[in-house]
Amino acid sequence: MELCVKDIIDRLERDFPCRMAMDWDNPGLQVGRLTGNVDRIAVALDATDEVVRQSVRTGADLLLTHHPLLLSGLRQINDGSMAGRRILTMAEHGMAHYAMHTNYDTARMGALAADRLHLQGRKLLELTGSDEKGDYGIGFAGMLERPMTARECCLMAKEAFHLESLRLFGSQEKTVQYIAVSPGSGKSMIRPALELGAELLITGDIGHHDGIDAADQGLLVADAGHYGIEHIFIADMCEWVKREFPQVEVISLQQESPFAEI
């Protein structure tokens with residue numbers, strides 16, 4: 001039985017419904033026809049120029065990414081803009097592009113990150129909605145399996161998320177056990193983490209003043225970068241596709257961190 005783009009989307013919508021996304025977000029089918037046949041799916045974090053080129057080279061019929069290509073409106077689609085160039089390339093090669101962003105965050109990403117840290121007794125950092133399955137939201141706070149220094153916790157996080165490095169705001173020697181994790185950009189998670197009594201927040205995109213102000217209030221912040229934690233999406237979605245559609249070939253487009261620390 002041949003699969004089409006709509007078949008894939010229907011199953012994605014079952015597990016990661018777009019209604020669970022934040023109001024400002026734009027998940028869903030970004031480019032392509034619902035009726036297009038799908039034999040090969042590429043999975044990546046972002047629809048960058050290189051990812052689009054790799055997807056075309058490998059003959060992918062559908063590109064699944066975490067971050068949407070289109071977050072704000074386009075007035076023109078031409079090769080004079082980055083988004084326009086990528087859209088045209090995909091359209092010319094008959095490839096569809098689907099993104100699941102904050103709907104994946106609320107349905108899966110936070111729990112997946114908390115699993116890697118073995119957090120127990122979890123509480124949502126930010127409640128964003130509820131349905132028949134219960135509450136959902138962004139990030140989790142929970143107990144580590146044992147107390148450890150902030151340095152030990154950061155080293156554990158580096159191993160869990162395969163990080164080259166992270167930045168810690170606050171004392172490396174402080175003992176922590178109740179911590180929070182919020183993949184992606186986590187500046188807005190500082191207040192919820194403080195309110196829950198977390199001793200350390202692991203997240204990304206923390207500015208200098210936000211980090212030192214949080215530490216002064218008793219919350220250490222480990223900045224793993226936006227890519228640092230969210231890259232776990234790629235392996236997770238590859239496994240999801242293999243499980244849900246074993247007849248489809250899956251290509252993992254692992255991206256390197258967008259910047260290098262020298």
Would you please name every residue forming a salt bridge (Lys or Arg N to Asp or Glu O under 4.0 Å) with Arg11, sequence neighbours left out?
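For Arg11 the salt bridge (Lys or Arg N to Asp or Glu O under 4.0 Å) partners, ignoring immediate neighbours, are Glu244.
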
Residues in salt bridge (Lys or Arg N to Asp or Glu O under 4.0 Å) with Asp131, at least two apart?
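By the salt bridge (Lys or Arg N to Asp or Glu O under 4.0 Å) rule, Asp131 matches Arg19.
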
Any chance you could lay out the salt bridge (charged side-chain N to carboxylate O under 4.0 Å, His left out) test for Arg57 and Glu50, step after step, and finish with the verdict?
CA-CA 10 Å; Arg57 282 198 300 267; Glu50 179 56 26; 3.1 Å; yes

Salt bridge (charged side-chain N to carboxylate O under 4.0 Å, His left out) between Asp205 and Lys187, intermediate numbers included
CA-CA 7 Å; Asp205 293 349; Lys187 175 183 174 180; over 6 Å; no

Look at the aromatic rings of [X] and [Y] and report parallel, tilted or perpendicular, splitting at 30° and 60°.
X	Y	value
His101	His67	perpendicular
Phe169	His208	perpendicular
His162	His231	tilted

Min side-chain heavy-atom separation Ile41-Asp61 under 4.5 Å
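Ile41 does not reach Asp61 side chain to side chain.
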
Between CG of Leu220 and OG1 of Thr149, what distance do you get to the nearest 0.5 Å?
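Output value for this atom pair is 10.5 Å.
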
Hey, are Asp46 and Thr65 close enough side-chain-wise for a donor-acceptor pair under 3.5 Å?
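Not at all, the side chains of Thr65 and Asp46 share no donor-acceptor pair under 3.5 Å.
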
Could you check whether any side-chain N or O of Gln172 sits under 3.5 Å from a backbone N or O of Arg151, counting only pairs where one atom can act as donor and the other as acceptor?
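Side chain of Gln172 to backbone of Arg151, a donor-acceptor pair under 3.5 Å: no, none is there.
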
In this structure, are over 12 heavy atoms from other groups packed under 6.0 Å from [X] atom [atom1]?
X	atom1	value
Arg33	CZ	no
Glu195	CD	yes
Gln217	CD	yes

Name every donor-acceptor pair, under 3.5 Å, that has one atom in a side chain of residues 91-99 and the other anywhere in the protein, sequence neighbours excluded.
unit_1	atom_1	unit_2	atom_2	d
His93	ND1	Thr89	O	2.9
His97	ND1	Leu63	O	3.2

